[in-house]
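To start, the structure itself, in structure tokens.
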Amino acid sequence: MPRLSQEAPGARFLGVALHFLIATVATAAFYFASRTLRSLVEHAIIAGLLYGVAVYLFMNFVVIPLSAVPRRGAPPPLSGRIIGLLIIMFCVGLPIAAIVRRFERQA
């Protein structure tokens, strides 16, 4: 089976670009929601961790099934899902909430 980079040389660039686009959209969504829902900023740690859960669920059960990613034979094991969830919670949701809280405009 040929590697994707051999079939489509721009595939790596497209993958990285889409990855950053998705991260930017996730950040913008949290930011704009925090303008209305002040509790997202007031309770940034809890909000960030819960936002990470929401991002994980949306990506794994909406975006990936609708994408052109080929399906694997068996679903990922529970341990893999838990590790993936924790990574998104602590490396995506929590930093987004912390950054939005840090740079919010003081009224």
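The shown structure was predicted, so the numbers you read here are calculated from the model rather than taken from an experiment.
Nearest heavy-atom pair, Ala44 versus Ala97, reported as atom, atom and distance to 0.1 Å: O-CB, 3.3 Å. In this structure, Arg81 and Pro76 approach most closely via the heavy-atom pair NH2-CD, 3.5 Å.
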Can you give each donor-acceptor pair under 3.5 Å made by side-chain atoms of residues 20-28, sequence neighbours left out, with the distance rounded to 0.1 Å?
residue: Thr24; atom: OG1; partner: Phe20; partner atom: O; Å: 2.8
residue: Thr27; atom: OG1; partner: Ala23; partner atom: O; Å: 2.9

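Taking the side chain as every heavy atom from C-beta outward, Glu104 and Arg35 approach each other to under 4.5 Å. For the pair Leu94/Ile45, a side-chain contact is recorded, criterion being any heavy-atom separation below 4.5 Å from C-beta on. Under the 4.5 Å side-chain criterion, counting only non-hydrogen atoms from C-beta, Val53 is not in contact with Leu49.
At a threshold of 4.5 Å between side-chain heavy atoms, the hydrophobic network of Ile, Leu, Val, Met, Phe, Trp and Tyr places Val63 and Val16 in two separate groups. Note on Val62: it does not cluster hydrophobically with Ile64, by side-chain heavy-atom contacts below 4.5 Å among ILVMFWY residues. Side-chain heavy atoms closer than 4.5 Å link hydrophobic residues (I, L, V, M, F, W, Y) into clusters, and following such links, possibly through other members, connects Leu57 to Val92. Connection of Leu37 to Leu50 is not established within any shared hydrophobic cluster, with ILVMFWY side chains joined at heavy-atom distances below 4.5 Å, either directly or through further cluster members.
In this structure, the separation between CG on Leu78 and CD1 on Ile83 is 10.0 Å, given to the nearest 0.5 Å. One distance of note links CG of Leu85 with CG of Asn60; it measures 9.0 Å at 0.5 Å rounding.
Residue Ile46 places its CD1 atom among 12 or fewer non-hydrogen atoms of other residues, nucleotides or ligands, all under 6.0 Å distant.
Sorted by first and then second residue, the ring-ring contact (aromatic ring centres under 6.0 Å, His included) pairs involving residues 41-88 (not counting sequence neighbours) are Phe30-Tyr51.
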